[in-house]
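For reference, the structure discussed in these notes is given below.
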Amino acid sequence: MSLVLRRLFATLLLMSLLAMVGGLVGLRLHAPVLGTWVGAFLGVLLAGWRDARRAGRLVSWLRSDLDGDAPRDGQLWGEMAYRTERALRQRERALAAERQRLGEFLRAIEASPNGVILLDAEEQILWLNQIGAVHLGLDPQRDLGQRITNLVRSPAFVTGLQAGESSEAISLPHYQSRLSLSLLVRAYGEGQRLLLTQDVTERLQAEAMRRDFVANVSHEIRTPLTVLVGFVETLASLPLDGSERQRLLGLMGQQTHRMQTLVADLLTLAQLEGSPQPSADQWISTQELLAQVEVEARGLSRGRHLIQFPDEDTLRAQAADIAGIRSELLSALTNLTSNAVRYTPEGGRVSVSWTLRPSGGGTFEVRDSGIGIAREHLPRLTERFYRVDGSRSRETGGTGLGLSIVKHVAQRHGAELELDSEPGKGSVFRITFPAARVRLRNGQGRR
């Protein structure tokens, strides 16, 4: 039997009972019919009052914050309250799950390295992440609901936005820095648009560096090749005596050696960039490294400079091993020392030292009394083919890649390269290795 029929049956039963009672009372008062009708009417009023009271309690609960339990009065009204409460709780759980998914989605967009801005059909900001706000100079809270073209007035941005959906990114400058941004516009919904901004500064710089690198390599190789071609044509077309022929062959040998050195440095850089990080289980003695560097430096100087290396007592006191690749470390130290010799005038001083640091690391230092370098050039010295004085560098046999190799070797070994120089007062180059890649000798073991 349904709840409605049960409720109707209960009401009829109550009305019948009260009608009988009313009839008995009316019989004593000599008015049985009237008593019956009065009793039936009281039964209807009592049933209606009880239902109205239960309905009022249900309505009061519905009008409240719905935190408590629904009233459980009787079968019909209790069932209605239970069904209503269950439907509301299910809807609340569904909304909570949707809010959680939306929050996770928005947090994922916030974690994106790209800027995301949502616009309505009137170009008003519906939502944007922090990166998008930084890219366009907006406030994620204050600027919601504002028309974006009133806030971002860059002509490139306005043109790209008014052009509608674009298949290719639009380049635009950052509003207050040297960053380069790209803008992508996508349509969705009913006239709504999605704006994606991306910081492409590093990519553009890398492309520019790649173009410069190719141009520099072509230039560096073309010069000795042109000289060699001229010498070959001279040898083939002109009758030369023995001394002239030997002079030309010597010059050709110099240009050939220059190209070999350039190609070797390029291959070294390519190998450094494409190789995995050096392991920390191969140890090289600093004494052996300094001994070989000293041989190279004195051979390059040929007695024209005062070259100082640590004496045996100092080496024993500072004896240590470095974890890394021997050939790379030797290349870095040799490059620093050879640069010091090349750019120090005859009679100048070049000193090389190794010092253990209190923190557990160690520092190779190359100090010279050469021509020095102006401070504006120091940040760019490690760039490929960067030369403070290009003609002098070529005259001394440099390729413009030495300090770039040193920088890569230092980075691969977790070390730091420090430069300090002043025109007319010489230069100082330091490579400082962390404690994790340095161990003491003389029985003290690894740090």
Side-chain angles (χ1 to χ4, degrees), residues 268 271-272 275-344 348-370 381-382 402-421 426-447:
T268 299
Q271 184 178 8
L272 291 174
S275 301
Q277 206 76 0
S279 62
D281 57 356
Q282 298 180 13
W283 296 91
I284 302 96
S285 168
T286 56
Q287 292 175 290
E288 295 178 5
L289 287 174
L290 287 173
Q292 191 161 351
V293 172
E294 183 175 3
V295 172
E296 297 282 345
R298 296 191 185 280
L300 182 61
S301 174
R302 297 178 182 177
R304 293 178 291 111
H305 307 86
L306 176 60
I307 297 180
Q308 296 178 331
F309 275 77
D311 55 32
E312 293 184 2
D313 293 338
T314 304
L315 286 176
R316 280 194 296 269
Q318 300 286 325
D321 295 330
I322 297 178
I325 299 177
R326 178 188 180 87
S327 60
E328 293 185 10
L329 295 173
L330 186 60
S331 174
L333 296 179
T334 302
N335 269 300
L336 290 181
T337 308
S338 61
N339 277 349
V341 173
R342 288 192 182 99
Y343 292 103
T344 299
R349 175 178 297 179
V350 176
S351 63
V352 181
S353 64
W354 161 257
T355 306
L356 292 172
R357 303 176 71 88
S359 61
T363 300
F364 279 109
E365 180 180 282
V366 179
R367 184 183 296 267
D368 64 65
S369 60
L381 276 183
T382 57
L403 289 179
S404 182
I405 292 175
V406 174
K407 181 190 70 173
H408 279 78
V409 171
Q411 289 176 345
R412 284 169 50 78
H413 288 78
E416 294 183 1
L417 175 62
E418 300 176 13
L419 318 176
D420 190 14
S421 185
S427 304
V428 181
F429 292 82
R430 300 183 187 91
I431 303 179
T432 301
F433 293 88
R437 286 193 172 267
V438 177
R439 71 177 182 184
L440 297 179
R441 307 191 92 185
N442 300 327
Q444 298 184 49
R446 186 187 304 179
R447 293 193 173 206

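Contact detail for Ala415 and Ile431: the closest heavy-atom pair is CB-CG2, 3.8 Å. Annotation for Pro310 and Ser353: closest pair CG-CA, 4.0 Å, computed over non-hydrogen atoms. In plain terms, the two heavy atoms of Leu356 and Ala319 that are nearest each other are CD1-O, 4.4 Å. Between Val409 and Ala332, the shortest heavy-atom distance links the atoms CG1-CB, 3.9 Å. The minimum heavy-atom distance between Ala297 and Val341, with the atom names listed, is O-CG2, 4.3 Å. Ser359 and Ala435 get closest at one heavy-atom pair: O-CB, 3.7 Å.
His413 places a side-chain N or O within donor-acceptor distance of the main-chain N or O of Ile325, the cut-off being under 3.5 Å. Using modelled atom types, one side-chain atom of Trp354 and one backbone atom of Gln318 make a donor-acceptor pair closer than 3.5 Å. A side-chain donor-acceptor contact under 3.5 Å links Ser369 to the backbone of Arg349. At least one donor-acceptor pair under 3.5 Å links the side chain of Arg437 to the backbone N or O of Ala323. The main-chain N or O of Leu333 is found under 3.5 Å from a side-chain atom of Thr337 such that the two form a donor-acceptor pair. Side-chain N or O atoms of Ser338 include one that pairs as donor or acceptor with a backbone N or O of Asn335 at under 3.5 Å. Proximity of a side-chain donor or acceptor of Arg304 to a complementary backbone N or O of Ser301 within less than 3.5 Å is detected.
In this structure the side chain of Val352 never reaches within 4.5 angstrom of the side chain of Glu365, judged on heavy atoms. Looking only at side-chain heavy atoms (C-beta outward), Leu330 and Leu289 come within less than 4.5 Å of each other. Between Ile284 and Asp321 there is no side-chain heavy-atom pair separated by less than 4.5 Å. Inter-residue side-chain proximity for Ser427 and Leu419 is flagged as unmet; no heavy-atom pair is nearer than 4.5 Å. With a 4.5 Å cut-off on side-chain heavy atoms, Phe429 and Phe364 do not count as touching. Ile405 places a side-chain heavy atom less than 4.5 Å from the side chain of Ser331.
Rounding to the nearest 0.5 Å places CD of Gln308 at 11.0 Å from CZ of Arg367. Arg430 contributes atom CZ, which lies 12.0 Å from atom CD of Glu416 (distance to the nearest 0.5 angstrom). To the nearest 0.5 angstrom, Leu300 atom CG is 8.0 Å from His305 atom NE2. To the nearest 0.5 angstrom, Glu288 atom CD is 12.0 Å from Leu329 atom CG. How far CG of Asp368 is from OG1 of Thr344: 3.5 Å, rounded to the nearest 0.5 Å. Separating the CZ atom in Arg298 from the CD atom in Glu294 is a distance of 4.5 Å, to the nearest 0.5 Å.
Under 3.5 Å, the side chains of Thr355 and Thr363 contain no donor-acceptor pair of N or O atoms.
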Between Leu336 and Val406, does the side chain to side chain contact (heavy atoms under 4.5 Å, CB included) criterion hold? Intermediate values first, please. CA-CA 8 Å; Leu336 290 181; Val406 174; 4.0 Å; yes
Side chain to side chain contact (heavy atoms under 4.5 Å, CB included) assessment of Ile322 paired with Thr286: CA-CA 7 Å; Ile322 297 178; Thr286 56; 3.8 Å; yes
